[in-house]
Number of protein chains: 2
Amino acid sequence: MAGGERESGGFGVTGRVSIVGAGPGDAELMTLKALRLVQAADAIVHDALVSEEIKACFPARCQVFDVGKRAGDAASTPQAEINALLVRLARQGLHVVRLKGGDPFVFGRGGEEALHLAERRIPFEIVPGVSAMSAAAAGAGIPLTHRGLSNACTALNGFGPYLERIRWDALVGQGGTWVFYMAKRSVEAIVARLLAHGADPALGVAVVESASLPGQAVHARRLGEVARNPLPPLGAGPALVIVGPSVALLEDLNPMAGGLHADVRAVSGLSEAAR
Amino acid sequence: MAGGERESGGFGVTGRVSIVGAGPGDAELMTLKALRLVQAADAIVHDALVSEEIKACFPARCQVFDVGKRAGDAASTPQAEINALLVRLARQGLHVVRLKGGDPFVFGRGGEEALHLAERRIPFEIVPGVSAMSAAAAGAGIPLTHRGLSNACTALNGFGPYLERIRWDALVGQGGTWVFYMAKRSVEAIVARLLAHGADPALGVAVVESASLPGQAVHARRLGEVARNPLPPLGAGPALVIVGPSVALLEDLNPMAGGLHADVRAVSGLSEAAR
């Protein structure tokens, strides 16, 4: 970085890192703060969940690093390299925006990066974003909480190897709405475990893919129907799985939302609302 | 509404309602979509959690209805009246923005209002916002999930009468991070119930008041310390209570965030990080 490097030893001349939630993908669901920081950034380090529409907001003079990680993708950048990149850029005196899909503190590894920066006395801030679960719920028409139906909402890691760590008995006993992140290849496994641990087969399960994006798709069933009527294969976008009594409300809420969001492709399978 | 009323019987000439999350209060944490909708609205119906800074974005020609509800406040507008107001305004052909603090589908009663509109065939959309829990976590420096520490996050209704409905054994058994909404007057009751149901007294508990706003305050303890060293009385702002193993990270993350957010007033009590 000849010419671009400033003194890096002292605290006062170090740059800083803004760890920023970009929201679920629709550029209009970025916060005003995220857009302001992106447009003023010297360097942007972004992951695979940051959409093309959002990348189009990046200023031309800005250094851009794509460290996209997809579950199981061998080409992704290891977390240690991302941490080191943030430190290196900040020590060049740059204002770095670490842009993450959704919210940085909900399955975003924002905490790991922030700790790495804190230990090296590099100033940082956390800027919250619209979480993937809020976007999926809004797009599908599923209230995450709903008076009389669901009084709690739990977000869990739905990626295959992490399913073993979930205390399924306790989860089922606690009730409310369950949202599984990174659950694209785990739908059947999640449904099977919930049923095996006593979840009501009449509970609704919805898969929401590419929430807020043009390819958004929603598919729903009752838990007990999935075995004989599997949920359809998913496309290339990220997916969340939502299970709970308020999933049934999408039968009433999604067709109406669909009147304004024509990209909700398919909703099927729920025969009665749980109200 | 002489002169302003359009034909209201047919579906085609009815207005519509955008149920919009305004985020936690900082106007910069509104989404671009929320700002666009607010600035184009014919009528705005907002609650008490919408900040003065956000109200300053309302267009001058717009009808504004404050239906603010605070827990226990007798002067708040009953939900049935809010529902009826939305219908009446939409049937005047207006584009109504129903603006809610945080996200409409996380303890926002957005589902109830959407159902009421759906049943009357009034077009609506749900626009997600930055949830209060994401803002509180970012402001306090508490990752809601953190690899190796917390693999799940549960949002619960922390308002007094709702504590009886929480299945505390299952919640404690499930683990992860617990976020209690509307918990301002329930901190001691929540801590006592968690301990009575076997929660580890070494777990951190943080109270985050007025997240993202100028008066933001954060106070933290270990669960087992609250009885002999009570959390300080809170001010007038909304408060969330966060409990879990990743609360301890604020000891590392909050002082640094404080370098950029000078309004984080006080953090105390946690002696060791749980890493």
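Here is the naming used below: chain letters follow the sequence lines, and residue numbers restart at 1 for every chain.
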Distance (rounded to the nearest 0.5 Å) between A:D252 CG and B:L117 CG: 12.0 Å

Do [X] and [Y] have side chains that get closer than 4.5 Å, going by heavy atoms?
X      : Y      : value
B:L253 : A:F105 : yes
A:T145 : B:N157 : no
A:L156 : B:N151 : no
B:H146 : A:R109 : no
B:T154 : A:Q174 : yes
A:R147 : B:Y162 : yes

Pairwise salt bridge (Lys or Arg N to Asp or Glu O under 4.0 Å) hits with a residue in residues 152-165 of chain B, at least two apart: B:E164-B:R193

Working for side-chain contact (heavy atoms from CB on, under 4.5 Å), residues A:L29 and B:L32: CA-CA 6 Å; A:L29 293 179; B:L32 304 173; over 6 Å; no

Partner chain A: residue of B:A27, B:A170, B:A34 with the largest heavy-atom pair count (under 4.5 Å): B:A170

With a 4.5 angstrom heavy-atom cut-off, which part of [X] approaches chain B: side chain, backbone, both or neither?
X      : answer
A:L35  : side chain
A:D103 : side chain
A:I166 : neither

Picking from [options], which has the most non-hydrogen pairs under 4.5 angstrom with chain B?
options                : result
A:S134, A:G23, A:S212  : A:S134
A:P143, A:A135, A:G176 : A:P143
A:S150, A:A137, A:P104 : A:A137
A:A152, A:C153, A:G111 : A:C153
A:D169, A:I142, A:I19  : A:I142

Which residues share a side chain to side chain contact (heavy atoms under 4.5 Å, CB included) with A:E28, sequence neighbours left out: A:D26, B:K33, B:R36

Step-by-step side-chain contact (heavy atoms from CB on, under 4.5 Å) determination, B:V130 to A:T31: CA-CA 8 Å; B:V130 172; A:T31 63; 3.6 Å; yes

